[in-house]
**Q** 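To start, I am sharing the structure in question, which I have written as structure tokens.
Quick caveat, the model's predicted, so the values are computed rather than measured. To find a chain, count down the sequence lines: A is the first, B the second, and so on, and within it residues start at 1.
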Protein chains: 2
Amino acid sequence: MDNFIKHINKFTTISQPEIETLKSATKTISIKKKDLLLKEGEICRANYFVEKGCLRLYFINEKGSEQIIQFALENWWLTDYMSFNNSSPAQFYIQAVEDCTIIAIARNEQDKLLTEIPTLEKYFRKVLQIAYAASQNRLKFLYGYSKEESYLHFTNSFPAFVQRIPQYMLASYLGFTPEYLSELRKKLSQ
Amino acid sequence: MDNFIKHINKFTTISQPEIETLKSATKTISIKKKDLLLKEGEICRANYFVEKGCLRLYFINEKGSEQIIQFALENWWLTDYMSFNNSSPAQFYIQAVEDCTIIAIARNEQDKLLTEIPTLEKYFRKVLQIAYAASQNRLKFLYGYSKEESYLHFTNSFPAFVQRIPQYMLASYLGFTPEYLSELRKKLSQ
DNA sequence: CCAATTACTTAAGCTGGTTTAAGAAATTTA
DNA sequence: TAAATTTCTTAAACCAGCTTAAGTAATTGG
């Protein structure tokens, strides 16, 4: 819970009694590498905060291979927002890339919680504003740069993270085949 | 201002005095087709609500051509969130695709406004949650589908919108060349 | 600690989509 | 309403990145 409370305090102020309310309205879950929090077709009933570890959001494409849309490291929220917002069937899987500690806010608790602790509205608004900025930036890279440039940019920007995940996941996230990633790495190391 | 107030009332409730405060804290701007609200390199000092018309967010890529990241129709918010959040130089241009009526909330008014009208925190949080869901969905299409499939999906989903914009903008938004779009249209009409 | 599985590499052939260039159609402006 | 400009089309040559297939390295689990 420590990271979570610190994270909230970065964006707003929360009192001790409010923290207690928050604790009783959330669930802390420990999951193992490869465990699934959500499967395609299910209704996504929670929003997940990564206290420790790493999650990924992906779907299975027409060819039957996994396409990663997003990773979430410590202090990031992750959910299938379409499914979470509308209680519609999820389009994505959410899976642990490493052993994780996750804090979950259930959909049907969220409204009540935000009424009891209005300052959390500010917290979530700010967090979403930052996440949305990141997604605009992401689109800029996807559209504006070649696969080679995207790879270079990503590895230069997040060298530690690249060490944490298998290469085939990096390839999937960047939108290319593991074979091509292999070729690129060879080419760039020469 | 009508669409704007209606839009707020879809997500939260706002009182008459609050509406008055809101009116005095925002600016309604009329702009002509092709007018720019933001240029790359400037600090983006406002968030823009489209009361009427259509905006686009784009950047100029390495080859010197415009790459469209987003459109905003009636009832959508649009800004360069990275620049807006951090007062950093904008990465994008924002331009009117048609003559527009825009409601602008200045960055330095926003914090004050959200303190005076706390229910607006809820409004923006919900709006961002929907926008973020849309962007996850967008990424799914970008990654999972061929250019032809993206084109078919987009034209089937938003036939009226496709009529509103020039084809070269659609091509840019979908991430391909106008020449290829032309080829596709020919092929698909046969 | 060995077998099975999962992850990574290499290389040849292929294809979806780009580039280039030139002309036709539509829209804007005077 | 004609000239200027902007948008759209056609077609051929080209290439970045994919597919396929087969082999090697690293993990996992029994």
**Q** Sorted by first residue and then second, give each side-chain hydrogen bond (donor to acceptor under 3.5 Å, both in side chains) pair with at least one member in residues 96-106 of chain A; sequence neighbours left out.
**A**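 Output for this query lists A:Glu98-A:Arg164.
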**Q** Find the distance A:Lys187:NZ to C:dC8:P and express it as a whole number of Å.
**A** 20 Å
**Q** Quick one: is A:Gln167 getting a side-chain N or O under 4.0 Å of the C:dT9 phosphate, OP1 or OP2?
**A**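 For C:dT9, OP1 or OP2 has a side-chain N or O of A:Gln167 closer than 4.0 Å.
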**Q** To the nearest Å, give me how far apart CG (A:Leu184) and P (D:dA16) are.
**A**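 Atom CG in A:Leu184 sits about 12 Å away from atom P in D:dA16.
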**Q** Just jot down the side chain to side chain donor-acceptor pair (under 3.5 Å) partners of B:Glu42, sequence neighbours excluded, or say none.
**A**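 By the side chain to side chain donor-acceptor pair (under 3.5 Å) rule, B:Glu42 matches no residue at all.
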**Q** Got a donor-acceptor contact below 3.5 angstrom from the A:Ser172 side chain to the A:Glu66 backbone?
**A** yes
**Q** Within less than 4.0 Å of OP1 or OP2 of C:dT18, is there a side-chain N or O belonging to B:Lys63?
**A**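 No, outside the criterion.
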**Q** Nearest whole Å is fine: how far is D:dT19 P from A:Tyr180 OH?
**A**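 The distance from OH of A:Tyr180 to P of D:dT19 comes to 13 Å, rounded to the nearest Å.
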**Q** Can you check the A:Tyr143 OH to C:dG17 P distance for me, whole Å?
**A**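 Atom-to-atom, A:Tyr143 to C:dG17, this comes out as 14 Å.
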**Q** Distance only, no hydrogens: is a donor on one side chain within 3.5 Å (strictly under) of an acceptor on the other, for A:Gln167 and A:Arg185?
**A**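 The criterion, which ignores hydrogens and geometry beyond distance, is satisfied for A:Arg185 and A:Gln167.
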**Q** I need the CE-C1' distance between A:Met169 and C:dT6, as an integer number of Å.
**A**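 Interatomic distance, CE of A:Met169 to C1' of C:dT6: 12 Å.
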**Q** Does B:Lys33 place a side-chain N or O at less than 4.0 Å from the phosphate oxygens OP1/OP2 of C:dT28?
**A** yes
**Q** Starting at atom CD of B:Glu183, determine the distance to atom P of D:dA11, rounded to an integer number of angstrom.
**A**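 So the two atoms are 9 Å apart, to the nearest Å.
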**Q** Here's a test for you: under ring pair (Phe, Tyr, Trp, His ring centres under 6.0 Å), which of A:Phe84, A:Tyr132, A:Phe124, A:Tyr48 qualifies with A:Trp77?
**A**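 The residue from A:Phe84, A:Tyr132, A:Phe124, A:Tyr48 that satisfies ring pair (Phe, Tyr, Trp, His ring centres under 6.0 Å) with A:Trp77 turns out to be A:Phe124.
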**Q** Side chain of B:Glu179, heavy atoms from C-beta onward: which of C:dT18, D:dA11, D:dT19 has the nearest atom to it?
**A**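 Of the options given, the side chain of B:Glu179 lies nearest D:dA11.
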**Q** Output the rounded distance in Å from CD (A:Glu149) to P (D:dG17).
**A** 9 Å
**Q** Under 4.0 Å from OP1 or OP2 of D:dC18: is there any side-chain N or O of A:Thr177 that close?
**A**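 For D:dC18, OP1 or OP2 has a side-chain N or O of A:Thr177 closer than 4.0 Å.
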**Q** Nearest whole angstrom, please: distance from the P of D:dC8 to the OH of B:Tyr168.
**A**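 Atom-to-atom, B:Tyr168 to D:dC8, this comes out as 8 Å.
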**Q** OP1 or OP2 of C:dA11 less than 4.0 angstrom from a side-chain nitrogen or oxygen of A:Lys186, does that happen here?
**A** yes
**Q** Looking only at side-chain N and O atoms, does B:Arg185 come under 4.0 Å of OP1 or OP2 in D:dT9?
**A**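 Result: yes.
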